[in-house]
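Just so you know, these numbers come straight off a predicted model, no measurement behind them. Proteins come first, then strands; the chains are lettered A, B, ... in the order of their sequence lines, and each starts at number 1.
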Protein chains: 2
Amino acid sequence: MGIHAAWLPSEAFRALGARRVLVAGAGPIVETVWDEVTRACDRFGGAAYRSGLSAEVPAHLDLVLSTAGRCPGAGSASAASPTEGPAASPTEGFVLGRRAESTTVLADGAAGMLYGLFEIARRGESAFDPGLADERHDPALLLRVLDHWDNVDVHPVMGQVERGYSGGSIFWHQGRPHDDLTRVRSYARLLAACGINAITVNNVNVHLSETRLLTSRLDEVAAIAGIMRAYGVRVHLSVNFAAPVILGDLPTADPLEDTVRQWWAQTTERVFEAIPDFGGYLVKADSEGQPGPFTYGRGHDDGANMLAAALAPHDAVVRWRAFVYDHRQDWRDRSTDRARAAHDHFAPLDGRFHDNVIVQVKHGPMDFQTREPVSPVLSAMPATRLAVELQVTQEYTGQQKHVCYLAPMWSGVLAEVAGQVGALAAVSNVGSDEFWTGHPLAQANLYAAGRLAWDPHRGPVALLDEWIDLTFPSAPGPLRSILHDLMDESWRTYEQYTAPLGVGFMVRPGHHYGPDVDGYEYTPWGTYHFADRDGVGVDRTRTTGTGFAGQYPHDRYESVATCPDELLLFFHHVPYGHVLHSGVTVIQHIYDTHFAGAERVTAMRQRWRRAEGLVDPALYARVADRLDEQVRSAGEWRDQINTYFHRKSGVPDAHGRRIH
Amino acid sequence: MGIHAAWLPSEAFRALGARRVLVAGAGPIVETVWDEVTRACDRFGGAAYRSGLSAEVPAHLDLVLSTAGRCPGAGSASAASPTEGPAASPTEGFVLGRRAESTTVLADGAAGMLYGLFEIARRGESAFDPGLADERHDPALLLRVLDHWDNVDVHPVMGQVERGYSGGSIFWHQGRPHDDLTRVRSYARLLAACGINAITVNNVNVHLSETRLLTSRLDEVAAIAGIMRAYGVRVHLSVNFAAPVILGDLPTADPLEDTVRQWWAQTTERVFEAIPDFGGYLVKADSEGQPGPFTYGRGHDDGANMLAAALAPHDAVVRWRAFVYDHRQDWRDRSTDRARAAHDHFAPLDGRFHDNVIVQVKHGPMDFQTREPVSPVLSAMPATRLAVELQVTQEYTGQQKHVCYLAPMWSGVLAEVAGQVGALAAVSNVGSDEFWTGHPLAQANLYAAGRLAWDPHRGPVALLDEWIDLTFPSAPGPLRSILHDLMDESWRTYEQYTAPLGVGFMVRPGHHYGPDVDGYEYTPWGTYHFADRDGVGVDRTRTTGTGFAGQYPHDRYESVATCPDELLLFFHHVPYGHVLHSGVTVIQHIYDTHFAGAERVTAMRQRWRRAEGLVDPALYARVADRLDEQVRSAGEWRDQINTYFHRKSGVPDAHGRRIH
């Protein structure tokens, strides 16, 4: 087979392609729409017309796509709050409705027309329902960016894509750009169809070859940007804060030095000469060994504002990551709490960042664990533009070997941060794999991330079904229900058989796959559970713990009485006999969920076997193989976790099940 | 500085070099002796004479070195027991004594003359004591081989030298032999001076490039052999059992297939054409993923005997490693015991190996832990030639960052296996480092391994002092005593602050440095401690455990009453409150030894500071740096082990010391 069509199989364009369609407007993205429409009509027997260009336009049209839709007051851009700063060009919204017996997309601009086209594709026949009422569509978040952690070179330990579980980079191969960028165009199309409008092409850990993408290898970025542009996707670059020293032969990268500021200004000008719609810089500074302003006694605001100044003449942003903590902690020192770090570093800087700086905050205070509270930084910086960062690549959630549909988690996060963030950044899970994401069902995570950035109110279950219907358009009812059952609760299932009650980080150090309860317990990474023979969990209360709970504007986490069960061990150290709100003890909860989770995975594998013959055999086989591994791994998790806590607590399972 | 002189500083030849010395004999090794003697005399003002070659030989000589020493009944070779099989040429022994007011070395052959020369160097002035009585010197073990785990290429994880802590290989660099092999000659000289008579040039895990050393890259081995030969050191090669398939394009490596046997015979003939004194093959087969006869339904005897047949026309051996176990064990399956594996595999094969097969057995049943019982295989194969394998490279004993003088351990092993083994194989600890062994004091381990192979009855403390006196010939008393104090008890100190009571393997997986109590607890490697809230240790008894204790011809380990404390947890699972023969409980022993061990290391660092100015500054600094790391690491071991067992047992330290 070739590369999998994901949520854009040709079938998705049947309803549209069988009709008479008019495209009205001009410009490169309108050309993209025109190309999509003509190909669909060629395939399905419809007819495409171009306003002012086609010789004869029939009196009756089934669908009109037009950029004439902008009207006063429309578009979220014009209603941007102060914290959202300068908006992206307000061309993304559109009104879908009926005019003179035609379905119409009246778009604010070319990008809106493209999004309207994909909305029509998603709706299929129902888009042509004569009773269709007018609906205005605007993205909730103006910047919806996918961050690639791709490297140009293959790292001896991390591979080419850091935390990538889907093969190599789709941009680079053997240290050079891919000769054929056809795949990048297919990718751009998929991104636009789920609502993503920007990508960062390289890893936030910027190694030497990747540092050069800013200067001597800029043509490689420009080539990607040229392809992405046709689908309304702007390109961003992760930059090395020490670039003036590494690339510019300057003796310093001090953000307050004039020579440094000039270097960035000039370098940035050259970037815009090559890529006029360049989106901006992404920076991981003073974090896990990356260089940053601390070296020069400067703050994160100094560093970010310097880059912001270089970008200011253009409509572009610097995203500055708040993922800053001490990764050389002493496990014996219980006063340091990694969870506190981002808030400690960044909350005091609120109001000190330029308008085109976005502080990018991981959704939880630690690092993309299966269950974390929402980062308190996201409600602590009202005078700063913020992005929330999600990890679509399943680093701690099964590495695309396990089915783990993450939209329910993200949906909860987005509900909590609504109105506080103006951007969503998602760490990509795609690679050179024929299914894009290694596990074919992991495509749903990428799809959902884009769609939630456009509309966070859309429910994760509805999004799942939307993805299933698009990806498997000719799916009979049984397949649809198998897929739904497999995926719907898969995140909670994963949570059940892995680290319990929000405690996190019970994974093998380094690769982070599979269980190792004490793997991070005595390390410098700040990731502890403090399990002893009496109890487990981290006391992060204000009164007796590290004080992290006090970083929230509410008191929900401070008391065991109000802390939700699923976060109990994140905030409290409790005895194994502590009774949860659910009515069972902590230790019995650990046993119960681990047995139940692993059983559920076995049932998932059984369920999938009934999909044989209902899907493409290669896809069937890939999912079946991965489910075998998931069953094995879930059993390993169940047994290690249960054995560990049984050995430690001495408490037998109330139901007498086998603990090794 | 250049490369460190180790135990052969020029000073070692002062007594000899200041005298009149006659060398009588012929052949390449005699030329080496002649070269050593003339250089010493040139330096220290003596005079060297050559029997039959020098024009005038004075009437009175101080030292006569002669190959005329062989006499009937002399030499252990002639007294070789049946289990020792064909002996190495009996040319290594010599008689040291006085004849006509000269000190004389009457050697059985050229090699004996060389060993006699180094014996004279070791003795210094006392070698010329007029009262010197005749002493016959013969090596206890005929094969004294140093196994290099060097690779031609650099492995992405293991580096160039597997478990090497002293830089790169001295043989290969960047995938090719070193241009200048001067260093290899210095190395050969050091080996001969401590009694080693063979080396294996490459890793027992034979990767692709190294497989080719047998054929297309044989010239690289021949070049090393050419240098080693001058010092009586023969070269062996680790071979890949699948070589006929990989190199010979045969469809099989089945040891009973004629084509395979012919391939090995022909290939081996070509080896001897290039290296007439080639020593033999070393094989790791059906172990940790290496190929072997199991693939073809054949036994270890079939595999070894096939190679033995190829080597039989020559005076050469195949060493076949007994390190065979299931490395894909399930930690939940308590019936499988890795400690049993070598005995289970090999004891039934006793008597089935050809005369020129040596079964090479690691000294303990597991894998070079700080404390293990002696392998029961070594007393279970009376009709088989056996080698005991020691690990001079400090994989599990501090990786040449920690001072850990291992001779006391080896000495105990050799005492237990006396008369049962005919060969000693030691895994090398040298590399391209300027001090040869990374930690300068780790040289003593290499020296002691060779010396113990020659004479296992020599005490480890005496050997330590011998090494100190040779390596630091102008050492004032204080330095000598500092070195002695630092090293003498260092193995027991290391044992104190690391894994307690013989339990082993509480190290970080992969690199094996530093503590991780549960690091191997839930892995497939068969390395468990089964610690729970009540107790710790592995039940290996016949009556209730895995039965490993029953592999010994005695019952010492079966009962807690007779099992020595230091091996208690290797053989028994006991409660933390179990009282040791020493009178303290297991848990209190853990606390006590860990506090004491770490304290002792701090004292060692203090002691070393008084050596400043008494040794070469570079050597001083290197040792000081490593002691800093040893202090840090010992503290980390102390705290992790104590915390782990305190959390699990809940038992407080009787002396109220700080446990985190």
Part of B/Thr643 lying under 4.5 Å from any heavy atom of chain A: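 Both parts, heavy atoms under 4.5 Å.
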- request: Please look at B/Pro515 and chain A and tell me whether the side chain, the backbone, both or neither of the residue comes under 4.5 angstrom of a heavy atom of that chain.
  value: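 For B/Pro515, there is no contact with chain A at all, as no heavy atom is under 4.5 Å.
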Is [Y] close to [X] at the side-chain level, that is, under 4.5 Å between some pair of heavy atoms?
| X | Y | answer |
| --- | --- | --- |
| A/Tyr522 | B/His660 | no |
| B/Lys648 | A/Arg533 | no |
| A/Arg332 | B/Glu636 | yes |
| A/Glu521 | B/Arg647 | yes |

### Message
Please determine whether the number of non-hydrogen atoms from other residues, nucleotides or ligands lying under 6.0 Å from atom CZ of A/Arg328 exceeds 12.
### Response
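Result for CZ/A/Arg328: open.
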- prompt: What's the shortest heavy-atom distance between B/Tyr644 and A/Asp518, and which atoms?
  reply: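 Smallest heavy-atom distance, with atoms named: CE1-OD2, 3.6 Å.
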Query raised in the report: Could you give the distance from CG (B/Asp516) to CG (A/Asp516), rounded to the nearest 0.5 Å?
Result: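 That separation rounds to 6.5 Å.
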Taking atom OG1 of A/Thr523 and atom CD of B/Gln640, what is their separation to the nearest 0.5 Å?
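Result: 9.0 Å between the selected atoms.
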Top of B/Pro156, B/Gly519, B/Ser649 for chain A proximity - count of heavy-atom pairs under 4.5 angstrom
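The candidate making the most pairs under 4.5 Å is B/Ser649.
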Q.
Heavy-atom pairs under 4.5 Å with chain B: which of A/Val517, A/Val157, A/Asp639 has the most?
A.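 Ranked by contacts with chain B, first place is A/Asp639.
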